[in-house]
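Structure, as C-alpha cells:
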Amino acid sequence: MCGIIGYVGAREAAPILVDGLHRLEYRGYDSAGVAVQNGAGVEVVKLAGRVAALRGQLVHEPVHGTSGIAHTRWATHGAPTTVNAHPHRDCRGDIALVHNGIIENADALRAALEAQGHHFVTETDTETVAHLIEDAAGDTLEARVIAALAHVEGTYGLAVMSATEPGKIVVARQGSPVLLGIGDDELFVASDASAVLEHTRSVVYLDDGDIAVLTRGGYSVLDRESHVQLREVDDVAWDLAQIELGGYPHFMLKEICEQPETVRATLRGRLLPERGTARLNGLNLTPDDCRAVQRVVILACGTSWHSGLVGRELIEDLAGIPVQVEYASEYRYRRPLPLPGTLAIAVSQSGETADTLEAMRAARAAGARVVGIVNVVGSTIAREAQGGIYLHAGPEIGVASTKAFTSQIVALALLGLYLGRERGLSEERGRELVCRLIQLPQLVARALELEPQVRTLAERFATSPNALYLGRGVNFPVALEGALKLKEISYIHAEGYPAAEMKHGPIALIDENMPVVFVAPKDQVYGKVCSNMQEVKARRGRIVAVTSEGNGDLSALAEAQLCVPATLPLLSPVLTTIPLQLLAYHIAVLRGCDVDRPRNLAKSVTVE
Ligand code: AGP
C-alpha cells in the first residue's frame, strides 16, 4: 500500500528518489520521506503530506549523497504525521529503513525491545524492525537484517541502510511486491516498475523470502541461510509516455479515454473468427482441461469483484458452468472445502491485492486449478497462478479503476467463449460473439462521445449528498461499479442495487432529492427495468437512464437519457459503464476533489 524506492550509483540520490516517489504516489500519499548516506552518516528528511511537499522541503534542507532510500505512505499503524512518516531509525541513528506492509507482531516486539531499553519515537509497527536490526548479531548489514527478520511476523517489502556500511542497501521481501532495477553502473529498488522506468527497463522481481544486497559493485540475492539465489532479469514492456498525463488534466480521464485502444489491446491476437473461438495460450488450459471444469470460483476485490459478477453471467451463459463470485477477503477465511474440478479465477488489476492473492492460494491448497486475469505483468498473482490472461491495458495510474474494468470484462468474455467452444457452444454463436467483440473498440469510442452531455449532467448532481444506481442481470454489476466510482472520487454516498430489489427497502430513500441512475440497455429485462423506473418516478426520484441506441425516448420517465451504442446484451456492460465513469469523474472535478488521489485510498491494497 506504500511505495518504497532506493538508489545506489554515481548520481545525486535525492532527486532520483523523489522523482521515483512521485511515480509511486498512487500507492499511498499521506506522508513521505527520504534518507541519504552523506559520507558522515545517514540524513533523513520527512513530513506529513505529498511528495511535492517533500520536494519543496528538500530545497530548504538539501541532502547530498549517492545512495539513499525513500517512501510514500498509506498509514496502517499510527496517524499520518511527520514523526510516523518513513524512514524509521534505531536508537543510535545508524539504521534507516522504509517499509511497505504490516508487522503483525509489532506490539509484542516493541514491548520486548522497550524492556531492553530501546526508546521508540513513533506509533508505527515498522520502527520495531529498525530496533531489531540494531540489536541483531552479524558482521554485515544483510546478516543483521536476516537475524532481525527471524523474529518478525507479517508482510514486508523493505529497504535498509546503515551509517556503518555506506553505499549499501539491503532489501527484504515477504508478501509485499519489491523489484530491483538494473541500470548502467547504478541500481534501484522499488515497489513497482513505474518508479524506475525512466532509468531502466531491466528489472528483477524478488520472491517471498528473498534478501537482496545492492552496492556500487553490483547486487546479489540471498535466501534466509545467506545462500545466493539466481533471479531472472525481466524487460518491462511499458514506455514512459504510458505513465505520463499526456496533456490530460487527470490520469483517470486519460484512462477512460484510452478504452477504445485498451479494449483492442486485450483482444489483440486472441480472436479466431474463422473458428468462432478465442486463443488464450497463456491460460494453459487444454481442451480436455476445459471439459473437465465442473465449476468456476471467481476471487476478487472492489472493481475487480464487479467485473467478476459480469464474468459469471458470461461463463454461465457461454460455457454452461456454474460460477460463484467471492469477495476474496471473505473467501480466504472461510472453511476450505475440497475443490476438485474447480477452476479458480483471481481477477486483479494490480496482481498484488493481498486478499485476492491469499484467496487464490487457499483455493489452490483446496485442490482448485488457479488462473489469473491480471493487468500488471510480473505481479505476484501473475507469477503464482498456473496460467492466466494479461489485460495489456497498460499501466493504470488513477486510483479509481476504469480501463482495467472494461478490459477485465472483455477478458472474461474471451474466457467464456474459449471454455464454451470446448464444451458445446455452437460455432455460429461463437462467430457472432467474435464479430461483436471485434466491433467493441469503435463502439466504446462512440460511447465516449457522450462526454459533453455527461459533463452538463454532472453540474445538476454535483451537490447531491446521495445517489442510487440500479440495474438488472448483467448490468446489475455495472450499477455497483457506477456507485463505487462516485463514492471513491467524489465522496458522495452512493449505492448500487439490483433494480427489482429496490422495492424491498431502498425505495424508502427516494424523494425529489434522490438521483437514481438506471442502467437499462436493450435486453430481456429492459421492460422490467422500465417498470422500476415508473416506481421511482411515482415517488418523484430524479432519474438518469443509461440506455442503448434504438431504445426509444424515455423523457417521460427520465430527467436525462444517455444512449450508448447497441451490442450483444452480454457485452453491454463494456459500453454502459463508460457514461458512469465520466459522470463520477466530472462530478468529482466539480466538487474540487483530488480525482487521481482520492482520500484514504490507494491503488494497490497489499495489506489486509
Ligand atoms: C477501484 O477503483 C478501486 N481502486 C479498488 O476497489 C480496486 O478495484 C480493488 O482494490 C482491487 O484491486 P485489484 O484489481 O488491483 O486487485
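Nothing fancy with the numbering, it's 1 onward along the sequence. Just so you know, ligand 1 is whichever comes first in the structure, and atom 1 is the first atom listed for that ligand. Quick note: numbers below take in every heavy atom, side chains included, and nothing from hydrogens, waters or symmetry partners.
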Inset, instruction - Taking the six-membered ring of Y29 (Phe, Tyr or Trp), confirm whether the NZ or CZ of R73 is under 6.0 Å from its centre and within 45° of its axis. - result: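 Geometry flag: not set, cation outside 6.0 Å or 45°.
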
Legend entry - Intermediate values then yes/no, salt bridge (charged side-chain N to carboxylate O under 4.0 Å, His left out), R50 and D30: CA-CA 6 Å; R50 295 291 173 85; D30 59 39; over 6 Å; no

Inset, instruction - Check whether the ring centres of Y327 and W305 lie less than 6.0 Å apart, and answer yes or no. - result: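 Ring centroids of Y327 and W305 are less than 6.0 Å from each other.
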
Inset, instruction - Identify, chain by chain and in numerical order, each protein residue with a heavy atom under 4.0 Å from an atom of ligand 1. - result: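 Residues near ligand 1: C301, G302, T303, S304, S348, Q349, S350, T353, V399, A400, S401, K485, E488, V605.
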
Legend entry - Check: S490 side chain, I492 main-chain N or O, donor-acceptor pair, under 3.5 Å: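 Yes, the answer is positive, given that a donor and an acceptor are paired below the 3.5 Å cut-off.
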
Legend entry - Any donor-acceptor N or O pair under 3.5 Å, side chains S407, N375: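 N375 and S407 do not have a side-chain donor-acceptor pair below 3.5 Å.
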
Legend entry - Ion pair R446/E449, N-O distance below 4.0 Å: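 The answer is no: the pair does not qualify as a salt bridge.
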
